[in-house]
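Chain identifiers are assigned alphabetically (A, B, ...) following the order of the sequence lines, protein sequences preceding nucleic acid strands; residue numbering begins at 1 within each chain.
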Number of protein chains: 2
Amino acid sequence: METFPYRRVEQVKAKVTIKDVARRAGCGIATASRVLNNSGPASADVRSRVQKAAQDLGFSFSALGRALQSSRSMTVGCLVPSLANPVFAEAVQGLQTVLAGTGYQLLIASSNYDGAADNDAIATLIAKEVDGLIVTMVAPEHSAALALARTRGIPVALMFHDPVAGLPSAHVDNGAAAREVARRFGDLGHRRTAFLALRFASSDRSRNRYAGFLAECRLRGLPDPVLIELTETEANTPERLAQTLAALPDLTAIFASNDFLAIAVQKAARLLGWRVPRDLSVVGFDGIEIGRLLDVPLATIETEPAAMGRQAALTLLDLLQGGAPVQLPPLPFTFRAGATLAPPRADRRDDDRVAPRPPSVLSLKTDLKQG
Amino acid sequence: METFPYRRVEQVKAKVTIKDVARRAGCGIATASRVLNNSGPASADVRSRVQKAAQDLGFSFSALGRALQSSRSMTVGCLVPSLANPVFAEAVQGLQTVLAGTGYQLLIASSNYDGAADNDAIATLIAKEVDGLIVTMVAPEHSAALALARTRGIPVALMFHDPVAGLPSAHVDNGAAAREVARRFGDLGHRRTAFLALRFASSDRSRNRYAGFLAECRLRGLPDPVLIELTETEANTPERLAQTLAALPDLTAIFASNDFLAIAVQKAARLLGWRVPRDLSVVGFDGIEIGRLLDVPLATIETEPAAMGRQAALTLLDLLQGGAPVQLPPLPFTFRAGATLAPPRADRRDDDRVAPRPPSVLSLKTDLKQG
DNA sequence: CTCCGATATGGAAACGTTTCCATGTGGGGA
DNA sequence: TCCCCACATGGAAACGTTTCCATATCGGAG
């Protein structure tokens, strides 16, 4: 552990304000402001003196002072569950790209999927006087903090949520996408399916996907899909997930609520000695890039989180300019045909096959080495 | 496209300030402030009146006013190249978790790996009067904006960079990690190796990795590794990458500067009909979770970006509390033994085998379907 | 009864801007 | 020569806080 030699850096002047510039240029503050902002008349003489003074002093405006006086902070608050989830991270990056040109900056908070934390976070963002909010949270329709934003007249745009409570949202139609998956499963002859989710309770997206999936299954006279809500542990340790899968009735196809889960399922299946898609079909959701590069490319619903971010940013920008709230149509999704989806094995098409005895899960760790 | 019915929401009062609270409570502003902050004496009577008034009015402090008067914005500026890169996204999430408890908020900017944009971004953050900066950028040692921060007395912590210019950095020892890879390659008998990078010019991390890799190769009397800088296109389209690889001298092992590239290499190898690791060994860098779940688990240098974020946040927090800058030791990395690394094929151990004719790249697209 | 100290309270300055308004200067037209 | 107007300039208020300081009130001790 190395300590840097202590040196008070040549701190020219902690703060140089417009007052300093004015003094040095020998003019009034108002004049300096006008010159620096090009917002009013000034003689060529004083103009150049002010410019020079600002230059010499290394002056730059304090956004704080400006914000206070204009009551516009040029800051947009953003709340997402977690940046560790690349879907949200990409969305935020999408916001960033749109906002970059506009002078707005992003104040970011994350709730870690916690329905209390996200309300607090929004309250804090509001206290920081953000000009607008872009939010993905647990329950936007019941959020007190979001109601406060409305009271305060702060524009809000949602991301990922199906539109709710009159708040415009940049989203994909989760239900429709899920129905599409059910259709594919059905067309291939799958009957016994499952829906896999992590944090079902705190994700309306997951719930909407399940709802769509279920609805379409029923429409086709298929048995209701099994809803499996995983714990964090199950999701993160393939061995645990393998146990869970092994204990299930004779599934032939699994719809995972996101691609990570889908890939984890593949891993678990491998541990069980099942082959994907021969013994089990898997479809994911989101369409992360990696899925495409896999040895067995993942079949999935492909969405574009960055586009979602961009749309949310544009929507908010419009609101900030006084536009009326407009709900744009959902962003498109596409079904990406991978190699993890195939018809069920002939001996499983009928609904009454005997569950195969999976090889002992515990003896399978070596499998890790050869994949 | 649906337009919401126009309704001016019941906007109780655009802004309720402490002045309003004071008026309603029938006391002075100073008193209200003291009560609300518990920062001074007040009679029980007035105390309760103020509390009630604040409650009724739905008062909350404006962080702006506070920041202006105390010249502490309770905001930390953060610059990363892009949140679309999960390594940075996780690091930011790491910052977030540490900062969450402290009252500091994160103001985020991203440069898209652009060495001019990142300077501008920092300048903007400084203008917003951030109390501190956490930065990953193209050239921190030459950044004018970073120099400005120093002038202004704004504490700075780096992430990912090897420490430079007296700025403490939360990082892993890229050189050491790369040497470790060279050692592994060497021990297994590889001689002809390559280092694969994207944006070599703008990433000191990549350069440090290459330097370490090269140094260790020379130390062991191995031929210099080929440095291959990919274009975005090559990195993103496996077919193009396959062409590039096919054109190379008879490599037996590739060290990719990050796991995405490593996975892309595997894909490209598959397209060429090469088997990993039989025909080509691949080692990545970063240790992203997915690598572990792959069919052929990726050998890689495992790092923990979130830990990097946490360390950077703690370092900055210490600086913010007046601590002297301290460079902590680099964070640990581990070599993750995957299944993509093996000895070269016997017929390739000698250094003068004939380059095999790769099958036509163009005819290989169908491969996508079966992986 | 007087005086002192402790406690309670509010006015006002300061933080860094922008902008309204008033003042001052100059030139051109009558 | 005189006026008026356009232009240049600076003072001051306002934005929402906190905090210093002065004032007011009260109880108790002498």
Can you find a pair of side-chain heavy atoms, one from [X] and one from [Y], that are under 4.5 Å apart?
X	Y	answer
A:Val156	A:Leu158	yes
A:Pro168	A:Leu319	yes
B:Gln327	B:His171	yes

Reckon A:Ser60 touches a base, only the sugar-phosphate, or nothing at all at heavy-atom distances under 4.0 Å?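 Sugar-phosphate, no base atom in range.
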Backbone of B:Val76 reached by a side-chain donor or acceptor of B:Asp131 within 3.5 Å: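 Between the backbone of B:Val76 and the side chain of B:Asp131 there is no qualifying donor-acceptor contact (under 3.5 Å).
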Side chain of A:Asp114, backbone of A:Ser111: donor and acceptor closer than 3.5 Å? no
Hey, are B:Thr75 and A:Lys128 close enough side-chain-wise for a donor-acceptor pair under 3.5 Å? yes
Donor on one side chain, acceptor on other, B:Ser73 and B:Glu129, under 3.5 Å: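 No - no donor-acceptor pair under 3.5 Å links their side chains.
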Considering heavy-atom distances to DNA chain C, does B:Leu68 or A:Asn37 have its closest nucleotide positioned more toward the 5' end?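 Going by which nucleotide is closer to the 5' end, it is B:Leu68.
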Quick one: on DNA chain C, does A:Phe61 or A:Lys19 contact a more 5' nucleotide (nearest heavy atom)?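 First, find each residue's nearest nucleotide; the 5'-ward one identifies A:Lys19.
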Decide side-chain contact (heavy atoms from CB on, under 4.5 Å) for B:Leu316 and B:Leu320; before the verdict, give the C-alpha distance in whole Å, the side-chain angles of both, and the deciding distance to 0.1 Å. CA-CA 6 Å; B:Leu316 187 70; B:Leu320 286 171; 4.2 Å; yes
Outermost nucleotides of DNA chain C that come under 4.0 Å of a non-hydrogen atom of chain B: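 Answer, 5' to 3': C:dA8 to C:dG16.
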For DNA chain D, please output the secondary structure as dot-bracket, reading 5' to 3'. Pairs are Watson-Crick or G-U wobble, both atom distances under 3.5 Å; mark crossing pairs with [ ], other-strand partners with |, unpaired with a dot. ||||||||||||||||||||||||||||||
Between B:Asp56 and B:Lys52, is the salt bridge (charged side-chain N to carboxylate O under 4.0 Å, His left out) condition met? List the steps. CA-CA 6 Å; B:Asp56 293 352; B:Lys52 180 158 188 328; 2.7 Å; yes
Inter-residue atom distance B:Leu106.CG - B:Ile134.CD1, 0.5 Å rounding: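 The CG atom of B:Leu106 sits 6.5 Å away from the CD1 atom of B:Ile134.
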For DNA chain C, find the residues of residues 26-36 of chain B with a heavy-atom distance under 4.0 Å and give them by number; none if there aren't any. B:Gly26, B:Cys27, B:Gly28, B:Ala30, B:Thr31, B:Arg34
